[in-house]
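Chain A is the first sequence line, chain B the second, and so forth, proteins listed ahead of strands; every chain is numbered from 1.
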Protein chains: 2
Amino acid sequence: MANVKETSTNSVNRRFLTSCDMTYAVQLMGGRWKLLILMRLAGGKLRFGELRKFLPNITERMLTLQLREMEEDGLLIRTVYAEVPPRVDYALTPIAHDLVPICQHLHSWGASHRKAHVGQASPMAHTEAVPQ
Amino acid sequence: MANVKETSTNSVNRRFLTSCDMTYAVQLMGGRWKLLILMRLAGGKLRFGELRKFLPNITERMLTLQLREMEEDGLLIRTVYAEVPPRVDYALTPIAHDLVPICQHLHSWGASHRKAHVGQASPMAHTEAVPQ
DNA sequence: CAGCATCCAAATGGATACTG
DNA sequence: CAGTATCCATTTGGATGCTG
């Protein structure tokens with residue numbers, strides 16, 4: 001496309017509109033997918049297709065968008081290998097790693113709250129396995 | 001108002017579509033405002049107008065919507081006093097209180113990440129367009 | 001004071017088809 | 001394999017006016 005499209009997925013636009021650190025954190029990790037991606041990558045780097053398998057309900061488009069934003073925000077490193085077929089993997093940056101324990105607390109909180117409130121929690125822990 | 005409008009802001013709809021505890025937590029506390037509301041209420045109950053003052057950028061409509069959802073999700077208690085003028089206050093439930101320390105960690109993370117990462121970008125850190 | 005109703009714009013999320 | 005492009009649906013956010 002000749003039309004150079006300034007995507008609205010611009011980290012400069014997304015990141016600096018607040019002076020509140022909490023709002024900033026929410027902007028970086030908010031949305032439906034980023035915390036799940038972070039948890040998946042906590043165990044080590046993964047390829048695009050592996051992430052997709054672990055997040056069964058995400059579309060390719062959304063996974064791509066979220067990964068790009070997280071990369072722009074300094075949360076992960078994208079490595080492209082010059083091979084055929086193509087290979088790309090994603091790894092957390094140290095700063096993103098700092099967030100992992102916080103996410104685990106959030107996960108535990110969700111588990112206990114859901115158990116207390118719904119009466120039953122699924123044993124599948126981190127796995128997003130909603131049948132569609 | 002014979003027209004019964006089934007709002008989509010139904011907690012049953014919002015809450016039980018996942019079998020992943022992390023997704024569940026994200027659904028409860030996701031969005032732009034809920035974590036900020038939670039932090040504000042961590043110090044004790046507040047009235048609607050007080051919350052609004054502390055969250056200068058939120059509209060009345062959004063504050064109302066977020067508070068209602070959090071109430072439906074068992075995160076806060078809404079108390080209406082039979083007075084004129086009306087008085088309503090909001091207080092966290094124990095379960096929401098459990099989330100407070102996690103939020104504080106997230107806040108600290110946001111602060112250090114922003115300091116580390118935005119150091120080169122813009123000096124607008126604590127002063128500019130968005131008050132607070 | 002603490003809201004609700006209405007209308008509207010923007011952002012986000014998704015289905016499907018296609019590609020280097 | 002790892003994405004793009006396009007179109008569409010849903011959700012979120014906001015401006016304004018009104019009310020018990």
Side-chain angles (χ1 to χ4, degrees), chain A residues 1-11 13-15 17-18 23 26-27 29-34 36-37 45-71 76 78-90 128 130 132, chain B residues 1-11 13-14 17-18 23 26-27 29-37 45-71 76 78-90 130:
Chain A
M1 295 315 171
N3 179 9
V4 177
K5 213 165 170 187
E6 277 306 311
T7 75
S8 57
T9 315
N10 186 318
S11 68
N13 289 338
R14 287 189 301 105
R15 273 200 302 216
L17 294 175
T18 183
T23 298
V26 169
Q27 284 178 356
M29 295 312 302
R32 182 171 166 185
W33 301 112
K34 287 182 182 175
L36 295 173
I37 293 171
K45 55 171 64 171
L46 289 175
R47 300 178 60 171
F48 185 87
E50 292 172 325
L51 278 169
R52 189 157 62 117
K53 269 184 297 188
F54 287 139
L55 277 35
N57 299 311
I58 198 170
T59 62
E60 290 176 357
R61 185 180 102 102
M62 287 313 300
L63 183 54
T64 300
L65 288 175
Q66 301 303 305
L67 290 172
R68 290 290 186 282
E69 286 185 8
M70 292 175 74
E71 186 189 6
L76 53 80
R78 179 175 183 264
T79 307
V80 183
Y81 300 88
E83 303 175 357
V84 176
R87 184 158 66 97
V88 178
D89 63 36
Y90 297 87
E128 166 97 4
V130 179
Q132 286 213 326
Chain B
M1 308 1 178
N3 181 9
V4 178
K5 211 165 172 187
E6 275 307 309
T7 79
S8 55
T9 315
N10 185 318
S11 69
N13 290 338
R14 285 190 300 106
L17 293 174
T18 183
T23 299
V26 169
Q27 285 179 356
M29 295 312 303
R32 183 172 165 186
W33 300 112
K34 288 182 182 176
L35 287 176
L36 295 173
I37 292 170
K45 54 171 64 171
L46 289 175
R47 300 178 60 171
F48 185 88
E50 293 172 324
L51 278 168
R52 189 156 63 117
K53 269 184 298 189
F54 287 139
L55 277 34
N57 299 313
I58 199 170
T59 62
E60 290 176 356
R61 187 180 100 101
M62 287 312 299
L63 183 53
T64 300
L65 288 175
Q66 301 303 304
L67 290 171
R68 289 292 184 281
E69 286 186 7
M70 292 175 74
E71 187 189 5
L76 54 79
R78 178 175 184 263
T79 306
V80 183
Y81 300 87
E83 302 176 357
V84 176
R87 184 158 65 97
V88 178
D89 63 37
Y90 297 87
V130 185

> So do B:Trp33 and B:Asn57 actually touch side chain to side chain, heavy atoms under 4.5 Å?
yes
> In whole angstrom, give the distance that lies between atom CE of B:Met62 and atom P of C:dA10.
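My rounded result for the distance is 17 Å.
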> To the nearest Å, give me how far apart CH2 (A:Trp33) and P (C:dG13) are.
9 Å
> Expressed in angstrom and rounded to an integer, what is the separation of A:Glu83 atom CD from D:dG3 atom C1'?
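So the CD-C1' distance, A:Glu83 to D:dG3, works out to 16 Å.
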> Send over the distance from A:Ile58 CD1 to D:dG3 C1', rounded to a whole Å.
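That distance rounds to 13 Å.
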> Write down the distance between CZ (A:Arg32) and C1' (C:dT12), rounded to a whole number of angstrom.
11 Å
> For B:Lys34 versus B:Glu69, what's the shortest heavy-atom pair and its separation?
NZ-OE1, 2.7 Å
> Which residues satisfy the side chain to side chain contact (heavy atoms under 4.5 Å, CB included) test with A:Val80, sequence neighbours excluded?
A:Arg78, A:Val88
> Does anything in residues 48-66 of chain A pair up under salt bridge (charged side-chain N to carboxylate O under 4.0 Å, His left out), and if so which pairs, sequence neighbours excluded?
A:Arg52-A:Glu60
> Can you check whether B:Leu36 reaches B:Ile58 side chain to side chain, under 4.5 Å on heavy atoms?
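No, their side chains stay 4.5 Å or more apart.
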> How bent is the helix from C:dC1-D:dG20 to C:dG20-D:dC1, measuring the angle between the end axes built from five pairs each, rounded to 10°?
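Here the helix ends are tilted 60° relative to one another.
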> Anything under 3.5 Å between a protein N or O and an N or O of nucleotides 2-4 of chain C, put it in a table, one pair a line.
residue: C:dA2; atom: OP1; partner: B:Arg47; partner atom: NE; Å: 2.7
residue: C:dA2; atom: OP1; partner: B:Arg47; partner atom: NH2; Å: 2.9
residue: C:dA2; atom: OP2; partner: B:Gly49; partner atom: N; Å: 3.0
residue: C:dG3; atom: OP1; partner: B:Arg68; partner atom: NH2; Å: 3.3
residue: C:dG3; atom: OP1; partner: B:Arg78; partner atom: NH2; Å: 2.6
residue: C:dG3; atom: OP1; partner: B:Tyr90; partner atom: OH; Å: 3.4
residue: C:dG3; atom: OP2; partner: B:Tyr90; partner atom: OH; Å: 2.5
residue: C:dG3; atom: N7; partner: B:Glu60; partner atom: OE1; Å: 3.2
residue: C:dC4; atom: OP1; partner: B:Arg68; partner atom: NH2; Å: 3.2
residue: C:dC4; atom: OP2; partner: B:Arg68; partner atom: NH2; Å: 3.2

> A:Glu71: what forms a side-chain hydrogen bond (donor to acceptor under 3.5 Å, both in side chains) with it, not counting sequence neighbours?
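Expected list: none.
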> Considering residues at least two apart in sequence or located in another chain, which fulfil the side chain to side chain contact (heavy atoms under 4.5 Å, CB included) criterion with B:Arg87?
B:Arg47, B:Tyr81, B:Glu83, B:Asp89
> Within the pair A:Gln66 and C:dG13, is there a side-chain N or O less than 4.0 Å away from OP1 or OP2?
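Yes, such a contact exists.
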> Of A:Leu76, A:Leu63, A:Ile37, A:Leu46, which is the lone residue that meets side-chain contact (heavy atoms from CB on, under 4.5 Å) with A:Tyr90?
A:Leu76
> For B:Glu69 and D:dT11, give me the distance from atom CD to atom C1', rounded to whole Å.
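Atom-to-atom, B:Glu69 to D:dT11, this comes out as 10 Å.
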> Write down the distance between CG (A:Leu63) and P (D:dA2), rounded to a whole number of angstrom.
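That distance rounds to 10 Å.
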> So, for B:Arg32 and A:Val26, which heavy atoms are closest and what is the spacing to 0.1 Å?
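Here B:Arg32 and A:Val26 meet closest at CA-CG1, 4.4 Å.
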> Send over the distance from A:Asn57 CG to C:dG13 P, rounded to a whole Å.
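Rounding to the nearest Å, CG of A:Asn57 and P of C:dG13 are 14 Å apart.
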